[in-house]
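Everything on this sheet refers to the single structure shown next.
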Amino acid sequence: MNPFCSLRCLAAAVACLVAPHVCAETDSLLWKRTPDANWNRSSITPLASRQDWRPAGPDERSWLGGWAARRIGEGTGFFRVERVDGRWWLVDPQGFLFYSVGLTSVRPPTREPAKSAYAERWKEPAAWAADTVSMLREAGYNNIGRWSALGSLNAVTRRMPYTTSFNFMQSFGKKLGLTSHGYGHARYAHNAIPVFHPDFEAHCDELAEKEIAPLAQDFHVLGHFTDNELPVPKDALAATLAIDPEATPALRHNWEFAWQWLRERRGPEATAADITEDDNLDYLGAVMDRYFAVTAAALRRHAPHHLNFGPRLHGSGIHTDQVIAAAGRHLDVIAINYYNVWRPSDTHLERWRTQAPDTPFLISEFYVKGQDSGMDNGPGAGWIVPTQRDRGLWYQNFTLALLEAPHCVGWQYFKYQDEPGDSNKGILDPAFAPHGDFTALMAPIHENVYSLRSKLPGE
């Protein structure tokens, strides 16, 4: 028996009982950034407050989770992107419009007591995978995100679309001895990625041939992430010129390129003292352009039909015109890990649209934490709100803004399950029980995502 079979029924029941009268009266939420901070209050726009839309029933889905009511042609046999009536969409292999509602970190736990709860409920990974894929579909998800147990999940009878991650730069940096462990992503010596090293292209090609080429004909691949949260320092040029190439020979080629770049721009006598803010940002754009160009070429050679989502930009990278423009020149979809905003910013959305007018974006990571979970809630970047229902209201507030954005092709929420010792980020608690008040308010967004996108105002 699928232990998640009642999730949709639970969500629907709670939504019907709770959401209509509570949400309609809710125009703000309490929040804080850290457990010991004071509460603040900000306005929200939940689904019940939208007078321009009311659900008429769950959207009918295609075999792979697309919009069964909107098909544009017979399909190419693989996922692609297309602008339709002024909005960007993913298009599934059969030609149905597709909007990503994904979930990351779908994997068995490795920490107690969640590990014991998993072992008690499932005797083998195949049973967990079958139940989990069924649960995801019941909850309205249509794809599986990064850090997931793809070996088990892709062995079920009816697979879900999924994204892959291959860490081109992280693996190369590790090979050169330049990386160290950081929270959520690798750290690089001098905050520099060795894109100008003469072996980088060959490394990317070899990795793609070995790990990506075997997937080249898999139509379930939604797209590939090439890395995770690379450093994008706004003082990139100054920091690179300050490198001692004798002490860090693996970055000598970055150092040499930086000096050549500066002197071609400022003259043969230019020194580090001549660097301006624009120099730093334009140099950063050149570094990222090189990274995008090399990794995109490797993907095209070995998986020409698959979408390139890039390295999951984060931090200052998503606010830097030169980085977004470089991404737009090479990627099919710009993946963005998006934190520290209460609601997607009009300024950010406009930057992404104008700097990459021919490339849509995907929010590849975001989350919100509930104070009532009993968890520490210290680690991580997501907001803390008082209750699970508040998590659901915030989720509606955030995702409705994404649905309105014509350049957005969806999101992947972080994540599947709360981990002991971490924060309340998951849709399930460590005992695999759904956070019912949270998932109840996710449900009407997920089940009606296509109707919503067609009705909400956009470009």
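What you see is a predicted model, and the numbers here were worked out from it, not measured in a lab.
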Discussion item. Please tell me whether Glu60 and Tyr450 have a donor and an acceptor in their side chains that are separated by less than 3.5 angstrom.
Written reply: no
Worksheet item: With sequence neighbours left out, what residues match Lys32 under side chain to side chain contact (heavy atoms under 4.5 Å, CB included)?
Response: Ala37, Trp39, Gln371, Ile384
Worksheet item: Is the number of heavy atoms from other residues, nucleotides or ligands within 6.0 Å of CG (Asp346) greater than 12?
Response: no
Item to complete: Would you confirm whether the ring centroid of Phe172 sits within less than 6.0 angstrom of the ring centroid of His203?
Response: yes
Worksheet item: Should we count CD of Glu120 as having more than 12 external heavy atoms under 6.0 Å?
Response: no
Worksheet item: What about Trp394 and Phe438, are their ring centers closer than 6.0 Å?
Response: no
Discussion item. Taking the six-membered ring of Trp89 as reference, does the cationic atom of Arg453 (NZ for Lys, CZ for Arg) lie under 6.0 Å from its centre and within 45° of its axis?
Written reply: yes
Discussion item. Ring centroids only, cut at 6.0 angstrom: are His224 and Phe309 within range, meaning strictly under it?
Written reply: no
Worksheet item: Would you say Trp352's side chain and Ile318's backbone share a donor-acceptor pair under 3.5 angstrom?
Response: yes
Fill in: Centroid-centroid under 6.0 Å between Tyr413 and Tyr367 rings
no
Practice prompt. Taking side chain to side chain contact (heavy atoms under 4.5 Å, CB included) as the test, write out the residues that go with Asn154, two or more places apart.
Written response: Leu150, Arg159, Tyr162
Discussion item. Given 3.5 Å as the limit, does a donor-acceptor pair link the side chain of Asn448 with the main chain of Ser451, or not?
Written reply: no
Worksheet item: Does the separation of the ring centres of Phe361 and Trp411 fall below 6.0 angstrom?
Response: no
Discussion item. Tell me if a side-chain donor or acceptor on Gln396 pairs with a main-chain N or O of Leu441 at a distance below 3.5 Å.
Written reply: yes
Fill in: Within 45° cone of Trp128 ring axis and under 6.0 Å: Arg107 NZ or CZ
no
Worksheet entry | NZ or CZ of Arg343 within 45° of Phe398 ring axis and under 6.0 Å | no
Practice prompt. Using atom types as modelled and distance alone, determine if a side-chain donor or acceptor of Gln417 lies under 3.5 Å from a backbone N or O of Asp429.
Written response: yes
Worksheet entry | Donor-acceptor side-chain pairing of His306 and Asp332 below 3.5 angstrom | no
Discussion item. Please check: side-chain N/O of Thr295 versus main-chain N/O of Tyr291, any donor-acceptor pairing under 3.5 Å?
Written reply: yes
